[in-house]
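Working notes for the structure below.
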Amino acid sequence: MAHLGPRTPHPDTLAVHAGQSPDPATGARAVPVYQTASFVFPDTDTAAALFNMETPGHVYSRLSNPTVAVLEERLAALEGGVGAIATASGQAALHLAIVTLMGQGGHIVASASLYGGSHNLLAYTLPRFGIHTTFVPARDIAAWRSAIRAETRLLFGESVGNPSVDVLDIPAIASVAEENRIPFLVDGTVTTPILGKPLAQGAHLVMHSATKFLSGHGVVIAGALVDGGRFDWAASGKFPTLTEPYEGFHGMIFAEESTTGAFLLRARREGLRDFGACMAPMTAFQVLQGVETLPLRMARHIGSTHVVADFLAAHAAVERVYHPHLPSHPDHALAQRLYPRGCSAILAFELKGGRAAGQRFIEALTLFSHLANIGDAKSLVIHPASTTHFRMDDAALAAAGISPGTVRLSIGLEHPDDLLEDLGRALRASQK
Amino acid sequence: MTQFIVAGYPAYAYTGGRSFDPALPAIFFIHGAAFDHTVWQWQSRYFAHHGYSVLAVDLPGHGRSPGVLRTSIEAMADWVAAFIEAAGLPAAAVAGHSMGSLVALETARRHPDCVSRLALVGTAMPMAVGAGFMAAARDNAPEGFDMEAVWGHSRGAVLAASPVPGTYLLGSSRHLNERSRPGVLHADLAACDAYRVPAEALKALAVPTLVIAGRQDQMTPFKAGRDAAAAIPGARLVTLDAGHSMMSEAPRAVLAALRDFLPPK
């Protein structure tokens with residue numbers, strides 16, 4: 001029997017309003033930037049209660065801040081989660097998630113197709129602290145399953161990886177996570193909640209580099225971690241940080257304190273407090289400005305990307321285009337199932353003529369900016385083999401779907417005709 | 001964590017981050033339909049650190065309490081009285097939210113010696129449940145949880161800033177409901193819908209009573225709370241500018257109302 005639920009606001013409305021009431025002090029309609037380190041206690045009893053988590057509120061902007069909280073609540077609403085923590089960067093969000101769940105001896109199973117920075121953290125830096133990662137081919141579900149060990153505490157992948165634009169089968173990996181009672185964290189940077197919600201697809205946690213599409217204008221470094229509130233920490237029995245008394249906060253047992261919010265409580269009360277990678281209020285304001293237009297921008301980003309993908313696929317100077325919009329992409333069907341509105345404003349392609357042609361192409365572009373970023377209002381280009389993935393040898397590059405001649409584009413908000421004109425001219429120049 | 005055994009089964013109570021001490025004045029918190037003790041998170045932690053013994057329970061079949069789901073308000077009330085006795089308390093102040101308010105009231109009726117004070121938060125008598133809500137709950141349909149989340153908050157809360165920084169109240173509430181075992185929401189709603197208390201019984205209540213009603217309450221409308229307060233002799237009515245989930249929508253105001261109402265420790 002079908003049931004008619006209450007009407008809830010669409011993502012477009014949440015993107016503009018969620019998490020913010022007109023400022024109670026001044027009536028300001030825009031989100032005020034609470035540029036303050038600390039907050040005055042109204043009386044000593046409230047001060048003590050705030051410190052001891054007997055009453056909610058702001059104490060010190062490393063732990064929480066009203067401007068930052070608006071962003072956190074807005075992202076949680078958009079993702080369908082219970083709450084969020086905004087962080088200094090996407091890397092800080094990933095680190096916060098990991099250190100909240102495990103310590104020395106912990107193990108992660110991650111997709112081999114990851115952003116270079118995430119790969120560095122997992123492959124080189126965390127082993128120094130006793131946390132090890134097994135990388136598996138993202139599409140090989142059996143490999144995810146067989147890589148899990150007794151000490152595995154997290155599965156991790158990107159909703160859409162780059163540069164080969166491979167689509168993570170979130171529902172399938174989520175089943176592996178459920179079977180093993182291990183949480184599944186998805187980096188949703190490329191898709192954003194506008195194209196797909198990892199929590200609704202089965203993931204337990206979502207992180208973002210908010211530097212990219214969420215802020216959308218290439219002006220801030222920012223990250224966020226969202227909890228779906230669905231993972232049963234007590235039933236799993238593998239997460240003493242959440243189910244046993246924490247000496248660092250008066251013996252608090254986070255899973256008893258909050259059934260759905262235990263993970264975020266510990267992350268805020270320990271990881272944010274002690275590692276300190278918090279978001280600045282001005283950064284939150286700038287990301288919020290971006291989030292307000294996110295639904296509009298993603299539609300434009302995706303529309304233009306499909307135009308560019310079709311153009312490149314038909315061009316004589318192009319060997320191969322990687323984008324799930326094209327039927328030739330191995331994830332075409334999966335992308336249509338998980339992301340009916342499109343999945344990526346990032347695409348990659350291989351030029352005829354290899355590395356030298358790639359260099360001529362990049363230097364002939366005028367609208368596309370050659371830099372290391374994605375998700376800007378401006379169109380971007382980069383040669384991964386010599387920049388973002390330069391630490392990888394050819395075998396590792398191949399595992400990540402990259403060849404020496406691969407060029408990655410991030411399609412911006414310019415008129416698509418102007419992008420095609422720029423690309424066409426540079427493609428001709430590349431073949432001279 | 002203190003282990004309690006009530007009616008033959010382990011029974012969970014959050015004690016506010018302090019060890020349970022039956023010698024202190026006690027407050028017993030009861031959650032609403034398909035929820036658990038964490039809806040009283042702020043109030044229980046505060047009182048536990050201010051001279052009270054707190055028992056914020058998970059009703060049987062809810063949260064961390066195993067045991068047989070009680071399918072009537074009367075049966076839940078008997079369990080509450082059994083818990084108070086099992087905890088070695090002569091009596092407790094009993095505060096209930098929504099369905100929990102009916103359980104608190106019924107405990108005071110059936111076991112008057114157990115209840116020293118009565119706080120009814122987001123209450124209505126009768127607490128009729130719409131057919132659409134009941135049908136969605138019966139089918140364990142996600143729309144049932146949507147209804148509880150949306151109607152369980154003020155209209156503005158779906159977009160408003162939360163008093164709990166970084167927490168999306170509707171999402172938290174919905175996911176907490178969703179974690180309840182299949183059938184629990186329907187059983188709880190049916191118990192609310194079926195419960196009746198005669199006007200004479202309310203008139204006969206001799207326990208000091210507080211009613212906290214939210215002007216923006218979409219689940220148990222403000223008028224119902226006001227009528228309940230008017231029907232109970234000497235009951236104090238506190239009106240908040242909040243929706244049904246006032247312990248999280250207005251945590252400080254709920255705390256202040258309870259603090260003013262409870263006897264000085």
Side-chain angles (χ1 to χ4, degrees), chain A residues 1-9 13-14 16-21 24 45-46 48-49 52-58 63-66 68-77 79-86 227-230 232 234 245 250-253 256-261 264 268, chain B residues 1 12 14-18 35-39 41-50 58 63-64 132-133 135-139 141-147 149-151 156-176 178-179 218 248 251-252 255:
Chain A
M1 175 181 162
H3 300 283
L4 196 60
R7 274 191 55 189
T8 50
T13 305
L14 294 174
V16 177
H17 288 281
Q20 192 223 352
S21 312
D45 185 54
T46 307
N52 195 31
M53 267 190 61
E54 296 160 24
T55 192
H58 303 288
L63 292 173
S64 70
N65 171 282
V68 178
V70 175
L71 175 62
E72 291 168 338
E73 290 157 35
R74 191 164 298 179
L75 292 178
E79 290 285 12
V82 299
I85 292 179
D227 183 2
R230 207 166 43 80
D232 193 335
H250 319 299
M252 182 174 272
I253 300 169
E256 284 193 51
E257 198 68 24
S258 174
T259 305
T260 59
L264 288 174
R268 197 180 286 278
Chain B
M1 188 169 64
Y12 174 82
Y14 171 64
T15 54
R18 297 288 286 251
F35 281 107
D36 71 10
H37 67 281
T38 57
V39 299
Q41 176 188 0
W42 303 105
Q43 294 78 18
S44 34
R45 195 167 170 85
Y46 179 91
F47 283 112
H49 287 82
H50 286 77
D58 290 352
R64 292 162 177 257
F133 191 8
R138 183 197 59 220
D139 295 349
E143 290 83 357
F145 299 119
D146 290 341
M147 293 178 203
V150 172
W151 297 335
V158 65
L159 296 173
S162 153
V164 189
T167 299
Y168 183 53
L169 293 186
L170 264 83
S172 293
S173 165
R174 193 191 184 290
H175 285 283
L176 187 53
E178 214 168 20
R179 288 169 78 120
Q218 302 189 86
S248 53
R252 290 188 190 192
L255 175 65

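To find a chain, count down the sequence lines: A is the first, B the second, and so on, and within it residues start at 1.
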So what's closer than 4.5 Å to chain B heavy atoms on [X]: side chain, backbone, both or neither?
X      : answer
A:D232 : both
A:A49  : side chain
A:N52  : both

Discussion item. Just by distance, no angles: are the side chains of A:H3 and B:D146 close enough, under 3.5 Å, to form a donor-acceptor pair?
Written reply: no
So how far is it from [X] [atom1] to [Y] [atom2], rounded to the nearest 0.5 Å?
X      : Y      : atom1 : atom2 : value
A:T46  : B:R252 : OG1   : CZ    : 6.0 Å
A:R230 : B:L176 : CZ    : CG    : 14.5 Å
B:Y14  : A:T259 : OH    : OG1   : 10.5 Å
A:E54  : B:F47  : CD    : CZ    : 10.5 Å

Fill in: For A:Q20, side chain to side chain donor-acceptor pair (under 3.5 Å) partners two or more places apart
A:R29
Between [options], which residue shows the highest count of heavy-atom pairs closer than 4.5 Å to chain A?
options                        : value
B:V39, B:L255, B:V150          : B:V150
B:H49, B:Q43, B:H37, B:R174    : B:H49
B:S162, B:A149, B:G171, B:G156 : B:S162

Worksheet entry | Heavy-atom pair of closest approach, residues A:M53 and B:R45 | O-CD, 3.1 Å
Fill in: By salt bridge (charged side-chain N to carboxylate O under 4.0 Å, His left out) - contacts of B:R18 (at least two apart)
none
Worksheet entry | Heavy-atom proximity to chain A below 4.5 Å, by part of B:P165 | both
